[in-house]
Each structure stands twice: as structure tokens, then as C-alpha cells.
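Numbers restart at 1 for each chain; the letters A, B, ... are given by sequence-line order, proteins then strands.
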There are 2 protein chains.
Amino acid sequence: MAGISSFTPAQIAEAEHHLDTPSPETDPKVDRLVNELIGRVADKWTMLILEELNEKGVMRFSEIGRAIEGISQKMLTQTLRLMERDGLVTRTVYPVVPPKVEYALTALGESLGAAFCGVWVWAERHLEEIEASREAFDTRE
Amino acid sequence: MAGISSFTPAQIAEAEHHLDTPSPETDPKVDRLVNELIGRVADKWTMLILEELNEKGVMRFSEIGRAIEGISQKMLTQTLRLMERDGLVTRTVYPVVPPKVEYALTALGESLGAAFCGVWVWAERHLEEIEASREAFDTRE
DNA sequence: AATTATACTTACCAAAAAGAGAGTATGCGT
DNA sequence: ACGCATACTCTCTTTTTGGTAAGTATAATT
């Protein structure tokens, strides 16, 4: 499993481009939808799978399972299905025995990875600061 | 409640700066911590409070409660406490009756908002694409 | 004297999420 | 004939999460 750096300069440039053009959206309906979407997508397993697929390209089901420590088969299936439904990954089934299914990121999936890159970097950058803050908070209580 | 645009160009520039310098972090321990941190922080209520405080500056407890539709007192207290612990907000208590407590973002909190900005923009941009993908997925099943 | 306002805390309960483990289909190697 | 490998699905149980409602303190107001 790689860290924060598995996105290419091109992908990062894409994210920057987005940041250049924040739109003045205030429609509450869109707001709600956007929120729900972020909740869906900003999930632990989704992000780990995103990262893994971005790094390796095409992967089989059990290959992803082995790469991501601690994920259960159930969660892997479930997360991949939701990601497929949202158009983040493609799922290719080969009708052979034993079964073979390959997963890969779509362009949309890659763009999400790039967008999240900023948050990853933020988290990594401020990790110590936050831990220090927590410790201070906990000891003064 | 405002949409995506409540962050200043300076904040966005900060986020871009982060994107310019992705570090080659692969340490599994840091990876795990970063992940846990993102999970903590990429939560529905945290993001809404972040947005609200970024827009309004300083706010009282019940003011935030009124601004964010659907949040319970319990969740508001809980989320604000965790944000304070992580160093994202400051909490100022005025010893008066009835009680008065003010909340505001720290620099760290603002930087998180800026980092998330890219994801907000991504979500808003690709909302329709994703809904279309879902619909296609659901009807072909 | 009762009511109101504010910022909580605590207890209880329902719902949702997640983990564990067994079951399924089937061609291939031994 | 038997077990293995793969990618699931299904059920059962546990854990986590979140909502509701009640309690607390006290000064000002009616």
C-alpha cells in the first residue's frame, strides 16, 4: 500500500484546475446532494481501494483484498459494488472457472483520487500538530 | 448554509500549494494514522460546521445549531468537542447567565476547509455524471 | 412564584454498519 | 473421486452510531 503520492502530476493539475474555479453554488438542493455524495465517497474503504487501484492499475478481487489490510470480503464486495454504481470503477467478469473478475478505475475515479489528494496531504502535513493538540486537550481535562 | 464558495482565494492558494508538493510517504504507520484522521474529519457534521464557521466567523452554540438543519444537540456538542480536541476550533466560554459560548475556526480548521474544497468542487462538478451512472446501473440490474 | 433562555450532560433505545463464518458453483490437477 | 481455487452471497451476531427526552444551573423577566 502506497501513501499519498500515487497520483500523477497530470491528475494533480486537474485538481488544481478545479480549485481555480470555485463556483458560487448556494442551491440547498445541490448542497444536500453534494453532501450526501461526499459522505458516500469519503469512506475509509473507498479511499483505500481508490489509492490501491490508482497505483496498480488493474487488479483482481482477491488481489485487492490481500493489498488492503483488515478489509473483510463483505466490505470489499460491498464497496466495489457501490463504486461501480457511482461510476468510479469498471468491473470485468471473465466467465472462467475458477472465477476471474478485474477492477480498474474510470476517469471519474481517477479525478476523485486527485481531488482527495489535497486532503491526504493536509492530513499528513498536520498529523503531528493534531496529535499534539489532542494530547494537550486530554491532559488538561 | 452556503455552498462550495465560502473559502477565500488565499485559502485556496494554500490548498494548491499543498497539491504542488506531494511527499513520497509510504510508511505504513503514517498511512494508518492519516487514514484514521481522514475518517475522523471527513464526517458529515464536521464538514458542515467547518463550512458554517468559515462563512460566519464567530458563532454561538445554538446559532450553529439553528444554521445546520437536522443536527441534534447531542451531535453538535459531540462534534464540536472533537473538533476542539483536534485543534480545528476554539471554544470560548463566558461565565454569564444564561451561558454563552463562542466557537471559531483555528488556522488549522481553515486549512482543512481549503483542502476539502477540492473535493466539494469535484462532487459538485460530477454530480450529474454520478447520478446518471447510478441510474444506468440500477436499471440494468 | 413561575417561566424563559442557554449550553450543556446523562440515560435509554432504535437503527445501521460491520465482522464472522458457512454455503455455492465448477473446471482442473492428482 | 476428492480437494482446491475464486468470487462471491447469505445469515447471524456484535458493535457503533445517532436520536429523544429529561435533568441542571441561575439570573432576568412577567
Would you give the length of the straight line joining atom [atom1] of [X] to atom [atom2] of [Y], rounded to the nearest 0.5 angstrom?
{"X": "B:Asn54", "Y": "B:Met47", "atom1": "CG", "atom2": "CE", "value": "13.5 Å"}
{"X": "A:Lys29", "Y": "A:Arg32", "atom1": "NZ", "atom2": "CZ", "value": "8.0 Å"}
{"X": "A:Ile130", "Y": "B:Leu108", "atom1": "CD1", "atom2": "CG", "value": "5.0 Å"}

Q. Whole-Å distance between D:dT17 C1' and B:Arg40 CZ?
A. 14 Å

Q: Using the six-membered ring wherever Trp is involved, compare the ring planes of B:Phe116 and A:Phe116 and label them parallel, tilted or perpendicular (cut-offs 30° and 60°).
A: perpendicular

Q: Give the B/S/- string for nucleotides 5-13 of chain D, one per nucleotide from 5' to 3', where a protein heavy atom under 4.0 Å of the base yields B, of only the sugar-phosphate yields S, and otherwise -.
A: BBBBB----

(Q) With heavy atoms of chain B within less than 4.0 Å as the criterion, where does contact along DNA chain C begin and end? (A) C:dA5 to C:dT9

Would you give me the side-chain donor-acceptor pairs under 3.5 Å for residues 79-88 of chain A, sequence neighbours excluded?
unit_1, atom_1, unit_2, atom_2, d
A:Thr79, OG1, A:Met75, O, 2.6
A:Arg85, NH1, B:Asp138, OD1, 2.8
A:Arg85, NH1, B:Asp138, OD2, 2.3
A:Asp86, OD1, B:Arg134, NE, 2.6
A:Asp86, OD1, B:Arg134, NH2, 3.3
A:Asp86, OD2, A:Arg40, NH1, 2.4

Q) What's in the same ILVMFWY side-chain cluster as A:Val96, cut-off under 4.5 Å, chained through other members? A) A:Tyr94

Q. Does B:Lys56 have any salt bridge (Lys or Arg N to Asp or Glu O under 4.0 Å) partners at least two apart in sequence or in another chain, and if so, which?
A. B:Glu52

Q. Residues in salt bridge (Lys or Arg N to Asp or Glu O under 4.0 Å) with B:Arg91, at least two apart?
A. none

